[in-house]
Amino acid sequence: SRSNHVRQVRLSGTALTLVGPARCFAGEAEPELQRRILESAHGSAADILVVDIGRGASELAVDTYLDADISVTVTLPEPAAVEQTYAFLRTVLVRAFVEAPTPSAHVVRQILSSPKGEAMPTFRALFEYVERSCPEEWEAVREARADFSPVLVMNRCQNRADRDMLRGMTDGLLMRWGIEANPLGTLDEDEVAHQAARWRRPLLTTYPSSVIATGIERIGSQIMSLI
C-alpha cells in the first residue's frame, strides 16, 4: 500500500523518532512522498517536530518553511551554497509578501503591478516606497516584514573567514531586502561528524565532547529559546 512507503524508526540511544521513506521508489513524485512524510510526522505524539525540507524550493518546501514555528536555514561557506540560500529565501519572500492571501501582500501586489512598482530594484526599495507612499497600508506590511526574520546557521566552517560569511549574509539581507535576519551561529568542520555518519550512529551520543557536538547543543539551546 502507499502508506508502506513511509516509516517511523526510533533512533537507538535517543528519544528521537525518524520519519522518512522506507526505500526509494523509481518514478515516484517527490512532492507526494514529502506530503506523506509530513502527514505521518504530524500524526505522531511528538511535542516537537523537526522537518528537513532539503535544498529544493518546491511549493511544499516553501509552505512548510513559512508554516513552521521556527525556520532555520543551514548553509555552507561556499559561493554556490550561499547563492542557493539567497535564491531559496527570495522565493520564500515572494511567497510571503507577494503571493500570500494577506492584506500586506495585496498592497505589495498592487504596487508591483504599477509602472512605479515594476521598476523597483530590490525588496528594500519596495518597502521604503510603501512606507513613503502608502502610510495607511504600511503598518500591515511593516508587521509582516518584522515577522519574517530568517534564522541562519553557517555549517562546516574551517576558519574565521568562513565564520564571517554568516555576518556578511545577514548584512546583505538587510541592505538589499530590508530584512533583519537572525544569525544563530556557526558550526566548525569536524571529522567525527563523518565518522558518526559512516557508522550510522547519533553524533551527539557517540561523540558528546566533540567540537561539533558542543556547537550543535549551543545552537539547539538557542532554537529552543525562540520557541
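On a predicted model such as this, the values are computed, not experimentally measured, just so you know. The figures here come from the full heavy-atom set of this structure, side chains too, leaving out hydrogens, waters and symmetry mates.
Closest heavy-atom contact between Val82 and Met165: CG2-CE, 3.6 Å. The two residues Ala96 and Ala105 have their closest heavy-atom pair at O-CB, 4.3 Å. Annotation for Pro150 and Glu180: closest pair CD-O, 4.3 Å, computed over non-hydrogen atoms. Pairing each heavy atom of Thr170 with each of Pro183, the nearest pair is OG1-CB, 3.5 Å. Listed here is the closest heavy atom pair of Ala57 and Val62: O-CG2, 3.9 Å. Annotation for Ala125 and Pro121: closest pair CB-CD, 3.8 Å, computed over non-hydrogen atoms.
Atom CZ of Arg142 sits about 14.5 Å away from atom CD of Glu137, to the nearest 0.5 Å. Distance check, rounded to the nearest 0.5 Å: CD1 of Ile212 to CG of Leu187 gives 5.5 Å. Arg218 CZ to Ile223 CD1: the interatomic distance, rounded to the nearest 0.5 Å, is 11.0 Å. Considering CD1 of Ile70 and CG of Leu226, their distance stands at 4.5 Å, rounded to 0.5 Å. In this structure, CG on Asp188 lies 9.0 Å from CD on Gln158, to the nearest 0.5 angstrom. Interatomic distance, Met169 CE to Thr73 OG1, rounded to the nearest 0.5 Å: 8.0 Å.
The shortest distance between side-chain heavy atoms of Thr122 and Phe127 does not fall below 4.5 Å. You'll find the side chain of Val9 reaches within 4.5 Å of the side chain of Arg7, heavy atoms only. With a 4.5 Å cut-off on side-chain heavy atoms, Gln84 and Arg55 count as touching. Side-chain contact between Tyr65 and Val51 is absent, with no heavy atoms from C-beta onward closer than 4.5 Å. Using a 4.5 Å heavy-atom threshold, the side chains of Phe123 and Val108 count as separate. Counting heavy atoms from C-beta on, the side chains of Arg35 and Leu60 come closer than 4.5 Å. Looking at Trp177 and Arg124, their side chains never come closer than 4.5 Å, going by heavy atoms from C-beta outward. Using a 4.5 Å heavy-atom threshold, the side chains of Val72 and Val74 count as touching.
In terms of modelled atom types and a separation under 3.5 Å, the side chain of Thr206 and the main chain of Leu203 share no donor-acceptor contact. Under the 3.5 Å distance criterion, the side-chain polar atoms of Arg109 are matched with a main-chain donor or acceptor of Ala100. Formation of a donor-acceptor pair under 3.5 Å by the Ser210 side chain with backbone atoms of Tyr207 is found in this model.
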What do the steps show when you test Leu173 against Leu152 for side-chain contact (heavy atoms from CB on, under 4.5 Å), and what is the final call? CA-CA 11 Å; Leu173 289 173; Leu152 304 178; 4.0 Å; yes
Test side-chain contact (heavy atoms from CB on, under 4.5 Å) on Leu166 and Thr75 and set out the steps. CA-CA 9 Å; Leu166 180 61; Thr75 189; 5.9 Å; no
Give the intermediate values and the outcome of side-chain contact (heavy atoms from CB on, under 4.5 Å) for residues Ile219 and Val153. CA-CA 8 Å; Ile219 288 178; Val153 174; 3.8 Å; yes
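Between Glu189 and Arg163 no salt bridge is recorded (no basic side-chain N to carboxylate O distance below 4.0 Å). No salt bridge links Asp162 with Arg156; every basic N to acidic carboxylate O contact stays at or beyond 4.0 Å. Between Arg36 and Glu39, no side-chain nitrogen of the basic residue sits less than 4.0 Å from a carboxylate oxygen of the acidic one, so the salt-bridge criterion is not met.
Under the 4.5 Å side-chain heavy-atom criterion for grouping Ile, Leu, Val, Met, Phe, Trp and Tyr, Leu112 is connected to Val130 within one hydrophobic cluster. Placement of Phe148 and Ile53 within a single hydrophobic cluster is found when ILVMFWY residues are connected by side-chain heavy-atom separations under 4.5 Å, directly or transitively. When the side chains of ILVMFWY residues are joined at heavy-atom separations under 4.5 Å, either directly or via intervening members, Leu174 and Met154 end up in two distinct hydrophobic clusters. Hydrophobic cluster membership is shared by Leu89 and Met120, with clusters built from Ile, Leu, Val, Met, Phe, Trp and Tyr side chains linked at under 4.5 angstrom.
When each of Val98, Ile111, Val141 is checked for a side-chain contact (heavy atoms from CB on, under 4.5 Å) with Leu126, only Ile111 meets the rule.
Atom CZ of Arg95 has more than 12 neighbouring heavy atoms from other residues, nucleotides or ligands inside a 6.0 Å radius. The neighbour count for Arg198 CZ, taken as heavy atoms of other residues, nucleotides or ligands under 6.0 Å away, is above 12. The local environment of CG in Asp69 is sparse, with at most 12 non-hydrogen atoms from other residues, nucleotides or ligands closer than 6.0 Å. Within 6.0 Å of CD in Glu83 there are 12 or fewer heavy atoms belonging to other residues, nucleotides or ligands.
Taking the ring axis of Phe97 as reference, the NZ or CZ atom of Arg145 does not stay both within 45° of it and closer than 6.0 Å to the ring centre.
Under the 3.5 Å distance criterion, with hydrogens and angles disregarded, a donor-acceptor pair is assigned to the side chains of Ser40 and Gln8.
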